[in-house]
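Each chain gets a letter, A, B and so on, in the order the sequences are listed, and its residues count up from 1. Computed from a predicted model, the values in this text were never measured in an experiment.
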There are 2 protein chains.
Amino acid sequence: MLELDQIDCSSLRITKQRQLILDELMSVKSHPTADELYQMVRKRLPKISLGTVYRNLEIMSDCGVIQKLDIGGTQKRFDANAETHYHVRCAKCGKVDDIDMPPDRSVEKEAGKLSKYTIIRHRLEFTGICPACK
Amino acid sequence: MLELDQIDCSSLRITKQRQLILDELMSVKSHPTADELYQMVRKRLPKISLGTVYRNLEIMSDCGVIQKLDIGGTQKRFDANAETHYHVRCAKCGKVDDIDMPPDRSVEKEAGKLSKYTIIRHRLEFTGICPACK
DNA sequence: TTTGGTGCAAAGGCTTTGCAGAAAG
DNA sequence: CTTTCTGCAAAGCCTTTGCACCAAA
């Protein structure tokens, strides 16, 4: 729940593993799960462990280098683009893509008026059927 | 992933358990997790099992009686209101509330133009700090 | 060196499931 | 009666974590 903690991002080291995980994530426009990323990185660094992938994805998203997506489905997904942007998820195969729509910050102001919460951010997600599943 | 399957909703029976789970869910405006609901129902039906709660929540959301929410955090939450509406989640305590904002279906048309997906629905969620956590 | 990172394997948290008996229709 | 549902407990799936060793700075 506590997602506001600041972690120390200044003492991070650049390890082979961390670099490769980021490289692989940046190389795809899809939004892979930790395990998918693990399979990708393993081709170049066969001895890397799944735990290391999870640990690094966690750290990098805490530091704002990447983004952890909590889209439908059971597994979390990761996005090399840490900026706010919108996504679509295929209801059949679970694939997640970006939607190239400019984020509309005004909805946050509106939501702030309609509730007693102090709004920090918003997230807009679409569900649909991807071209391959049609 | 396959969330489009139709399940047979015509042969459902009205059991004590199912009725109570729905009653409890309808009685709150919060959006409880399966376990929270289990604790609530247990006060009135001490011998109910957690598995039964999960099973019924699954069935009722498949049949469109209730809604399963996939909001941030590790646990799924449930909503007696199956209509499309928006939510806020507190970044500190994880509480989820409704936002009384009319759903804007036009964003779906826009997203359809900007991607190759056939859009089925959208979901808008806010993150903020609830009054109790301020 | 010092401190942070890694691999491994075990543990954890939430959810699903198989099965035999119970209950709804 | 027949079919669906329940309680229980075990299994499953994804993710986190403890520990001893390794490597970056």
Side-chain angles (χ1 to χ4, degrees), chain A residues 1-3 5 7-24 31-63 65-66 68-78 94 96, chain B residues 1-3 5 7-24 31-63 65-66 68-78 94 96:
Chain A
M1 287 312 156
L2 286 167
E3 58 175 53
D5 296 337
I7 80 159
D8 180 11
C9 299
S10 60
S11 57
L12 292 187
R13 291 179 181 174
I14 300 176
T15 63
K16 250 194 330 284
Q17 292 82 345
R18 186 163 296 162
Q19 187 65 60
L20 264 171
I21 292 167
L22 186 55
D23 286 351
E24 288 293 332
H31 302 75
T33 61
D35 192 72
E36 285 167 350
L37 226 20
Y38 170 57
Q39 302 303 338
M40 291 161 68
V41 174
R42 218 141 70 111
K43 289 177 187 158
R44 293 213 251 158
L45 194 66
K47 300 183 60 174
I48 196 172
S49 75
L50 182 56
T52 295
V53 174
Y54 271 105
R55 254 182 310 235
N56 279 305
L57 289 171
E58 186 67 28
I59 289 170
M60 291 192 288
S61 73
D62 284 348
C63 292
V65 177
I66 65 173
K68 191 196 284 188
L69 304 178
D70 222 351
I71 293 191
T74 46
Q75 295 170 69
K76 304 250 188 292
R77 291 176 172 275
F78 297 86
V96 174
Chain B
M1 284 313 156
L2 287 168
E3 59 174 51
D5 297 337
I7 80 158
D8 181 12
C9 299
S10 60
S11 58
L12 292 187
R13 291 177 180 175
I14 300 176
T15 62
K16 249 194 331 284
Q17 291 83 347
R18 187 163 295 160
Q19 187 65 60
L20 264 171
I21 293 167
L22 185 56
D23 286 353
E24 287 295 331
H31 302 76
T33 62
D35 193 72
E36 285 166 351
L37 226 19
Y38 170 57
Q39 302 304 338
M40 291 161 69
V41 173
R42 218 141 72 109
K43 289 176 186 157
R44 292 214 252 157
L45 193 64
K47 300 184 59 174
I48 195 172
S49 75
L50 183 55
T52 293
V53 173
Y54 271 106
R55 251 181 313 233
N56 279 304
L57 289 170
E58 185 66 28
I59 289 170
M60 290 192 288
S61 74
D62 284 348
C63 292
V65 178
I66 64 172
K68 190 197 282 187
L69 304 178
D70 222 351
I71 292 191
T74 47
Q75 297 170 68
K76 304 253 187 292
R77 291 176 173 273
F78 297 86
V96 174

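As rounded to whole Å, 9 Å separates atom P of D:dT17 from atom CD of A:Glu58. When rounded to the nearest whole Å, the span between CZ of A:Arg18 and P of D:dA25 equals 10 Å. The distance from atom CZ of B:Phe78 to atom P of C:dC14 is 13 Å, rounded to the nearest whole Å. The CG-P distance, from B:Leu50 to C:dG13, rounds to 14 Å in whole Å. For the pair B:Tyr54 OH and D:dG12 P, the interatomic distance rounds to 18 Å; values are reported in whole Å. Taking atom CG on B:Asn56 and atom P on C:dT17, their separation rounds to 14 Å, with Å as the unit. Remark: C1' of D:dA25 and CD of A:Gln19 are 16 Å apart, rounded to the nearest angstrom. At whole-Å resolution of the value, CG in A:Leu37 and P in D:dC14 are 15 Å apart.
The side chain of B:Arg13 approaches C:dG25 more closely than any other nucleotide in the set D:dC14, C:dG25, D:dT15. When each of C:dT15, C:dG7, D:dC14 is scored by its nearest atom to the side-chain atoms of A:Ile48, the top-ranked nucleotide is C:dG7.
Considering only heavy atoms from C-beta on, B:Cys63 comes within 4.5 Å of B:Ile7 through its side chain. Two residues are said to be in side-chain contact when any heavy atoms from C-beta on lie closer than 4.5 Å; B:Arg18 and B:Ile59 meet this criterion.
With hydrogens and angles ignored, a donor-acceptor pair closer than 3.5 Å exists between the side chain of B:Arg55 and the base of D:dG7.
Regarding contacts with the backbone of D:dT6, a side-chain N or O of B:Thr15 is found under 4.0 angstrom from either OP1 or OP2. Side-chain N/O atoms of B:Gln17 include one lying less than 4.0 angstrom from OP1 or OP2 on D:dG7.
Contacts of B:Lys16 with the nucleic acid, taken as non-hydrogen atoms under 4.0 Å apart, are absent.
From B:Tyr54, atom OH reaches atom CG of B:Asp35 across 6.5 Å, with rounding to the nearest 0.5 Å. Residue B:Asp62 holds its CG atom at 11.5 Å from CG of B:Asp8, rounded to the nearest 0.5 Å.
When the nearest nucleotides of DNA chain C are assigned to A:Ser11 and A:Ser49 by heavy-atom distance, the more 5′-ward of the two goes with A:Ser11. If B:Ala34 and B:Leu12 are placed on DNA chain C by their nearest nucleotide, the residue sitting closer to the 5' end is B:Ala34. Along DNA chain D, the nucleotide nearest to B:Thr52 and the one nearest to A:Thr33 differ in position, and the one closer to the 5' end is contacted by B:Thr52.
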Worked check of side-chain contact (heavy atoms from CB on, under 4.5 Å) between B:Ile21 and B:Ile48: CA-CA 10 Å; B:Ile21 293 167; B:Ile48 195 172; 4.2 Å; yes
